[in-house]
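These notes are about the structure you will find just below.
FYI, the numbering just counts along the sequence from 1. Remember, it's a predicted structure, so these values are computed and weren't measured experimentally.
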Amino acid sequence: MTAPPAQKKAAKRLTPAVLVIGGGAGGLNAAIAAREEGADVLLLDERKVPGGQYFKQSASPDATPLDPQQADGKALLRAALDAGVQIQSQTEVWGAFDGPEIMASDPECVYAIRPRALIVATGAYERPAMIPGWTLPGVMTVGAAQTLWRSYRTLSGRRIALFGNGPLTAQVALELANGGAEIVLLGEAASSPWKRTQAATRMLRSDPRLTIKGIRMLAELRRQGVSLRHMTKPTKIEQTDSGLWVSYEVHGRTKQVEADAVCLNFGFQPQNEILRLLGTKMRFDSRYDQLRPERSEMMETSVHGVFAVGDCCGLGGAPAAAVEGRIAGRAAAGSKVTHTKEQSELSSHRAFQDALWQVYAATPVQLETVTPDTIVCRCEEITKRVLDDAMGNGHTDIGAVKRATRVGMGRCQGRYCGPALAGYMARRLDLDVQDLSFFAPRIPIKPVDIGTLVAAENLLDQDGSDD
């Protein structure tokens, strides 16, 4: 439970020309581009040090970067500050109203922000594997283990097992191994990329640099004695006196391994609650199992003055997010100029991502395959059996199941259980997934204390707002 504030929070109204939400590759590039066009730019980021998931900066600003990727992020952040972007870190956005009007707060103050243009660059959440034991202590997403190491120089365990789908899992395994961890298992759900030569060739043609970087990463893993096992998925995790006992399937056979920490990553889910609250038109991409906003070539959504870039629009990767950010930043600042070179770069990045996920194509761990006692909503400890019973009693839409079971009513507001349940219900009822298949976004979209809500209400009342 969030502790009450020690003192009454201050409340401020801000009116920047351009507001950017999210300080990753897309957000920082958008902010810089808007400043270069002369706009007054405010960027909000919930981390202590912006940089997003890709650049993932150290919590200590003076720390030496671990690698070129982190160094590039540090340089990009410096460029944003040098350009005159006002950056507010440790600031969470928890509400969005028509206008647009954005509600946010940091530890000392609550903000009601009404920009002329809004750029949403909030990124994505990782998808864990909802299997028995996925909520045990020591089990985390791959990104969480990466944050512990890259931001705080802390290993999640001495012996670490990683399971996932996509290149992030292998990248983090290498980073943890370089940090001194023993990688007891690195499991990839997809088959070997060398079996999908056409897609691999398209990757090489679209972005030779990134493809070669990936090949070198796999070679370095082998050099360090880390064996990458394809066609491998975890099935159950159990707590023992000496650690975590993981059962997994590899090529149809069940095996086991013991570890101190287990890291899971089976894709990503766009963090699009702000866009949905603002009423932007969405479409469901069945290939990636993601809800994505409709956008123009200038990255503007169906809501005038609201732009969206990066992985909150669907998995596209940091290079694509950077280009989208530059395009959106100029457009949000009022520029009508288009750059053919950037459109060409964006096409290449998207072609690379398309080929990449053909190489890594794999069936995700779905709720149909897990046991009835598996927890689906960890905040409220709702099991698959409880959800099945609710659907068996005639609750055939996700809102009715939520009211009957409390699924999705916890602190995370259904970020993890919501998409999993939406897909499960659609497949069970033989329906197409659409926006209404997901939990309706509600304010606050992030946990806030009563002091924050009181300060926000007083601020809105002073402005004469009916929101």
Less than 3.5 Å apart, which donor and acceptor atoms pair up between the side chains of residues 135-144 and the rest of the protein, not counting sequence neighbours?
{"from": "Thr141", "atom 1": "OG1", "to": "Glu126", "atom 2": "OE1", "distance (Å)": "2.9"}
{"from": "Thr141", "atom 1": "OG1", "to": "Ala144", "atom 2": "N", "distance (Å)": "3.1"}

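Partners of Gln90 by side chain to side chain donor-acceptor pair (under 3.5 Å), not counting sequence neighbours: none found. In this structure Thr201 satisfies the side-chain contact (heavy atoms from CB on, under 4.5 Å) test together with Arg205, sequence neighbours excluded. Applying the side-chain contact (heavy atoms from CB on, under 4.5 Å) criterion to Asp72, with sequence neighbours excluded, gives Phe55. By the side chain to side chain donor-acceptor pair (under 3.5 Å) test, Asp45 pairs with no residue at all, sequence neighbours left out. Partners of Arg216 according to the salt bridge (charged side-chain N to carboxylate O under 4.0 Å, His left out) rule, which considers only residues two or more places apart in sequence or in another chain, do not exist here. Annotation: side chain to side chain donor-acceptor pair (under 3.5 Å) contacts of Arg222 (sequence neighbours excluded): none. Residues satisfying the side chain to side chain donor-acceptor pair (under 3.5 Å) criterion with Tyr248, sequence neighbours excluded, are Arg229. Applying the side-chain contact (heavy atoms from CB on, under 4.5 Å) test to Glu37 and every residue at least two apart in sequence or in another chain returns Arg330, Ala333, Ser335. Listed by chain and number, the residues in a side-chain contact (heavy atoms from CB on, under 4.5 Å) with Pro419 are Gln269, Phe438 (sequence neighbours excluded).
The heavy-atom pair separating Ala145 from Ser156 by the smallest distance is CB-OG, 3.8 Å. When all heavy atoms of Ile119 and Ala30 are compared, the closest pair comes out as CD1-CB, 3.9 Å. The two atoms that bring Leu155 and Gly180 nearest to each other are CD1-C, 4.1 Å, heavy atoms only. Nearest heavy-atom pair, Thr169 versus Gly164, reported as atom, atom and distance to 0.1 Å: OG1-CA, 3.6 Å. Closest approach of Thr64 and Gln70 over heavy atoms only: O-OE1, 4.5 Å. Summarising the geometry of Leu44 relative to Ala104, their closest heavy-atom pair is CD1-CB, 4.0 Å, with the distance given to 0.1 Å.
With Thr211 contributing its side chain and Met203 its backbone, the two residues share a donor-acceptor pair below 3.5 Å. Remark: side-chain polar atoms of Arg378 are not paired, donor with acceptor, to backbone N or O of Tyr416 under 3.5 angstrom. Thr301 places a side-chain N or O within donor-acceptor distance of the main-chain N or O of Val306, the cut-off being under 3.5 Å. Thr232 places no side-chain N or O within 3.5 Å of a backbone atom of Ala189 that could act as its donor or acceptor partner. Between the Glu188 side chain and the Gly166 main chain, a donor and an acceptor come within less than 3.5 Å of each other.
The salt bridge (Lys or Arg N to Asp or Glu O under 4.0 Å) analysis of residues 161-176, with sequence neighbours excluded, yields the pairs Arg150-Glu175. For residues 255-266, the salt bridge (Lys or Arg N to Asp or Glu O under 4.0 Å) pairs, not counting sequence neighbours, are Arg159-Glu258, Arg159-Asp260.
Atom CZ of Phe307 is separated from atom CG of Leu275 by 12.5 Å, given to the nearest 0.5 angstrom.
For the pair Arg406/Glu381, no side-chain contact is recorded, criterion being any heavy-atom separation below 4.5 Å from C-beta on. Taking 4.5 Å as the limit, every side-chain heavy atom of Val172 sits out of range of all side-chain heavy atoms of Cys263. Annotation: side chain of Lys56 is not in contact with side chain of Gln69 (no heavy-atom distance under 4.5 Å). Annotation: side chain of Val257 is not in contact with side chain of Trp245 (no heavy-atom distance under 4.5 Å). You'll find the side chain of His230 stays beyond 4.5 Å of the side chain of Lys195, heavy atoms only. Residues Leu346 and Met299 form a side-chain contact, since some pair of their non-hydrogen atoms from C-beta on lies under 4.5 Å apart. Side-chain contact between Cys417 and Leu421: absent, with no pair of heavy atoms (C-beta onward) separated by less than 4.5 Å. The closest side-chain heavy-atom distance from Lys446 to Glu273 is not below 4.5 Å.
Between the side chains of Gln358 and Arg202, a donor-acceptor pair is found at a separation under 3.5 Å.
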| request: Take Glu101 and Arg13, measure what salt bridge (charged side-chain N to carboxylate O under 4.0 Å, His left out) needs, and give me the verdict at the end. | output: CA-CA 10 Å; Glu101 181 153 38; Arg13 170 161 292 285; 2.4 Å; yes
| query | Under the side chain to side chain contact (heavy atoms under 4.5 Å, CB included) criterion, do Leu118 and Leu278 qualify, and how do the steps go? | reply | CA-CA 11 Å; Leu118 171 66; Leu278 293 174; 3.6 Å; yes
| message | Run Lys402 and Glu380 through salt bridge (charged side-chain N to carboxylate O under 4.0 Å, His left out) and show every step you take. | response | CA-CA 11 Å; Lys402 181 177 183 178; Glu380 297 292 323; over 6 Å; no
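By the 4.0 Å N-to-carboxylate-O rule, Arg287 lies close enough to Asp354 to be salt-bridged with it.
With Ile183 as the partner, the side chain to side chain contact (heavy atoms under 4.5 Å, CB included) test is satisfied by one option alone out of Val226, Leu228, Leu221: Val226.
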